[in-house]
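Below is one structure, written out as structure tokens; comments come after it.
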Amino acid sequence: MRADNLDQILHYYPEVTGVHPACLAVPEINSDDRSVLEASIKEDGLRHEILITPDGLLVDGRNRLIACYNGSVEPRFKKVVTDPWQIAYAENIARRHLDVKKKAVFGLAWREAERDAASKRKEATQAKPGEKVGSGNISLTLEGTGQARDKIGERVGVSGKSIDKAAVVAEYAPDKLTDDSSLEQAYKEAAKRKKSQAIQPVDAPVKATQEMVAIITAKGVESQIALPKKVVFNQTNDSVDWASWTWNPVTGCEHGCKFCYAREIAHSGRMAAYYPNQFEPTYHPYRLEAPKNTNRPSSDDARDGRVFVCSMADLFGKWVPDEWIRSVFGACLESPEWEYLFLTKWPARYSKMPLIENAWYGASVIRQSDVQRVQNAMAAFGGVDNVTRWVSLEPMLEPITFDDLSWCDLVVIGSQTSTNQPDGRVEEFAPEFDWVVDVVNQCRESGVPYYLKANLGLARPGMKLPNPLPKGK
């Protein structure tokens, strides 16, 4: 079976235990170049060995490994001890004709890796400020990250300022990192989004002289954060296109999904003031004031009255105390003018709670093994007016077949976008066209509406659409 995603084929090669971040930072080749590579390897065999670290992390040869798999060619692996970032640069960045943005994005990833390594060495050795640390051919000081930026920039062929611009894009407009825009165009868009956030901050940290408020984890650990001047809903971005607002009185999750966008946000340095516990399940009681503090817009767009509750958590996870859920429901009932949307991987908990009228109760299905459990749980509750029961196939990781959709009011289908997780980058993944068509047909047969997310089409990663030749060709 053909595969274009590295995650799909790694389990066929026990020599490879994972992918080094340096390898993931190298820009992917386009489909035309990959076709040429696959044809060459299938005809002439693998000329250059695939490089891995002594412990099996893939350093160089991602595209060659995919080509070997698709062409049924046996790959050859070589273990290397050289700094993986130096190898990734020498084997890819130095050889390929890349634009400034792609070089800067690689340089940014290299800089962040150097920073992380320096921080770990500092903790391990209790180094003093100014003491030299480093890896490969680049030597840093603990106070010299600007010099490191310039040195890495010089090494990859861009200025240090270009790397800084790439960092702004990665933080405020990550969707522009891999599109066809130039670095300057992407930076301008990121700067515009940054300014927009600054003009209307939501739950923004306040000055240290202002009031502090307590938050608490599910394990009972309490901490203090700055209390915003006004607690209101967050306005959504394009990734949540069926509601205009998000609200997170509870954050964090223990499901451990490797692709989780919320974990990436919670571990981001720029979000440290909001998430001092990072992705540890945490209760923010002060945020219960948001529904009554936010003015519902006068709009004909139904999305403007919808609130996605706990976009940064699974409110119904087994680790969440009942009293947290009851307090969230209580805040919802006090402000019935809003349409509240819930989504969980544990829908069995819905039937154990008093339901809210005019709310959406959703369940996540990403693999076939989820289907029976979700169907049973979602069919088991009801009895409240205007409740919408829906299912989210985002990301849809394999073909999905439902036995019964009679309980369902809406099916949402989407792709897996790329994320930068604490333990490395997770690449994007789009379901196959036929998988999506099959679910759409199931919905049509059952009379259930379906919604296809933008990331199945023109937005990344996008499905690979069929392109068959005419019969007889």
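If you read the sequence from its start, that first residue is 1, and numbering goes on from there. Computed from a predicted structure; not experimentally measured.
The shortest heavy-atom contact between Arg425 and Ser418 is NH2-OG, 3.1 Å. Nearest heavy atom pair, residue Glu398 against residue Ser369, reads OE2-N, 4.4 Å. Of all non-hydrogen atoms in Pro431 and Leu456, the two that sit nearest each other are CG-CD2, 3.5 Å. Here the closest heavy-atom approach between residue Arg373 and residue Pro347 is recorded as NH1-CD, 3.9 Å. Minimum heavy-atom separation, Arg193 to Asp175: NH1-OD1, 2.8 Å. The minimum heavy-atom distance linking Val156 with Lys103 is given by the pair O-CD, 3.3 Å.
Here Glu334 contributes atom CD and Glu289 contributes atom CD; the two are 8.0 Å apart, rounded to the nearest 0.5 Å. Here Leu227 contributes atom CG and Met212 contributes atom CE; the two are 9.5 Å apart, rounded to the nearest 0.5 Å. Within the model, atoms CD of Glu394 and CG of Asn455 stand 5.5 Å from one another, a figure rounded to the nearest 0.5 Å. Atom OG1 of residue Thr388 and atom CG of residue Asn358 lie 7.5 Å apart, to the nearest 0.5 angstrom. Atom CZ of Arg367 sits about 12.5 Å away from atom CG of Leu393, to the nearest 0.5 Å. Taking NZ of Lys188 as the reference point, atom CG of Leu183 lies at 11.0 Å (rounded to 0.5 Å).
Atom CG of Asp301 has more than 12 heavy atoms from other residues, nucleotides or ligands within 6.0 Å.
Inter-residue side-chain proximity for Val439 and Ile413 is flagged as met; some heavy-atom pair is nearer than 4.5 Å. Using a 4.5 Å heavy-atom cutoff, the side chains of Val221 and Ile216 are not in contact. Using a 4.5 Å cut-off on side-chain heavy atoms (C-beta onward), Ser415 and Pro395 make no contact. You'll find the side chain of Leu24 reaches within 4.5 Å of the side chain of Arg62, heavy atoms only. Side-chain contact between Met463 and Val436 is present, with heavy atoms from C-beta onward closer than 4.5 Å. Side-chain contact between Cys310 and Pro249 is present, with heavy atoms from C-beta onward closer than 4.5 Å. The closest side-chain heavy-atom distance from Phe233 to Phe308 is not below 4.5 Å. Residues Pro21 and Trp85 have side chains in contact (heavy-atom distance under 4.5 Å, counting atoms from C-beta outward).
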Test side-chain contact (heavy atoms from CB on, under 4.5 Å) applied to Gln416 and Ile366, step by step: CA-CA 10 Å; Gln416 171 183 307; Ile366 62 175; over 6 Å; no
CA sep, side-chain torsions, deciding dist, call: Tyr283, Ser327, side-chain hydrogen bond (donor to acceptor under 3.5 Å, both in side chains): CA-CA 10 Å; Tyr283 181 46; Ser327 70; 2.8 Å; yes
Chi angles and distances behind the side-chain contact (heavy atoms from CB on, under 4.5 Å) call for Tyr275, His267: CA-CA 8 Å; Tyr275 298 99; His267 282 265; over 6 Å; no
Full working for side-chain contact (heavy atoms from CB on, under 4.5 Å) between Thr401 and Val371: CA-CA 8 Å; Thr401 301; Val371 170; over 6 Å; no
Verdict with reasoning, Thr17 to Leu57, per side-chain contact (heavy atoms from CB on, under 4.5 Å): CA-CA 6 Å; Thr17 59; Leu57 293 180; 3.9 Å; yes
Derivation of the ring-ring contact (aromatic ring centres under 6.0 Å, His included) call for Trp247 and His284: CA-CA 11 Å; Trp247 172 41; His284 304 252; over 10 Å; no
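Between the side chains of Thr419 and Gln421, at least one donor N or O lies within less than 3.5 Å of an accepting N or O. A donor and an acceptor atom, one from each side chain of Ser311 and Asn248, are located under 3.5 Å apart. Residues Ser244 and Arg306 bring no donor and acceptor atom of their side chains to less than 3.5 Å of each other. Remark: the Lys101 side chain and the Ser181 side chain contain an N/O donor-acceptor pair separated by less than 3.5 Å. Side-chain contact, Thr53 with His20: no donor N or O sits under 3.5 Å from an acceptor N or O. Side-chain polar atoms of Thr217 and Asn277 form no donor-acceptor pair below 3.5 angstrom.
Of the residues Tyr340, Trp324, Phe342, the one that meets the ring-ring contact (aromatic ring centres under 6.0 Å, His included) test with Phe329 is Phe342.
Side chain of Ser446 to main chain of Val448: no donor-acceptor pair is present (N/O by atom type, distance under 3.5 Å, no hydrogens or angles). At distances below 3.5 Å, at least one donor-acceptor pair connects side-chain atoms of Asn293 with backbone N or O atoms of Val231. At least one donor-acceptor pair under 3.5 Å links the side chain of Trp245 to the backbone N or O of Asp304. Put simply, the side chain of Ser392 never gets that close to the backbone of Val412: no donor and acceptor are under 3.5 Å apart. At least one donor-acceptor pair under 3.5 Å links the side chain of Thr282 to the backbone N or O of Glu280. Remark: the backbone N or O of Ile400 is paired with a side-chain donor or acceptor of Gln442 at under 3.5 angstrom. Under a 3.5 Å cut-off, the side chain of Arg287 and the backbone N or O of Val232 do not form any donor-acceptor pair. Formation of a donor-acceptor pair under 3.5 Å by the Arg263 side chain with backbone atoms of Cys253 is not found in this model. No donor-acceptor pair closer than 3.5 Å links the side chain of Ser335 to the backbone N or O of Cys332. Looking at Trp319, its side chain never comes within 3.5 Å of a backbone N or O of Pro281 through a donor-acceptor pair.
Taking 4.0 Å as the cut-off between side-chain N and carboxylate O, Asp164 and Arg111 count as a salt-bridged pair. Salt bridge annotation for Asp322-Arg349: present, with a cationic side-chain nitrogen under 4.0 angstrom from a carboxylate oxygen. Between Glu189 and Lys192, at least one side-chain N (NZ, or NE/NH1/NH2) sits under 4.0 Å from a carboxylate O, which counts as a salt bridge.
Ring geometry, Tyr350 versus Phe316: the interplanar angle exceeds 60°, so the pair is classed perpendicular (tilted spans 30 to 60°). Using a 30° and 60° split on the angle between ring planes, Phe429 and Trp435 fall in the tilted class, from 30° to 60°.
For Tyr361 and Phe381, the ring centers sit closer than 6.0 Å to each other. A distance of 6.0 Å or more separates the ring centres of Tyr451 and Trp390.
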Extract all donor-acceptor atom pairs below 3.5 Å that involve side chains of residues 403-410 and protein atoms in other chains or at least two apart in sequence.
from: Asp404; atom 1: OD1; to: Ser406; atom 2: N; distance (Å): 2.9
from: Asp404; atom 1: OD1; to: Ser406; atom 2: OG; distance (Å): 2.7
from: Asp404; atom 1: OD2; to: Ser406; atom 2: OG; distance (Å): 3.1
from: Trp407; atom 1: NE1; to: Asp404; atom 2: O; distance (Å): 2.9
from: Asp409; atom 1: OD2; to: Arg389; atom 2: N; distance (Å): 2.8

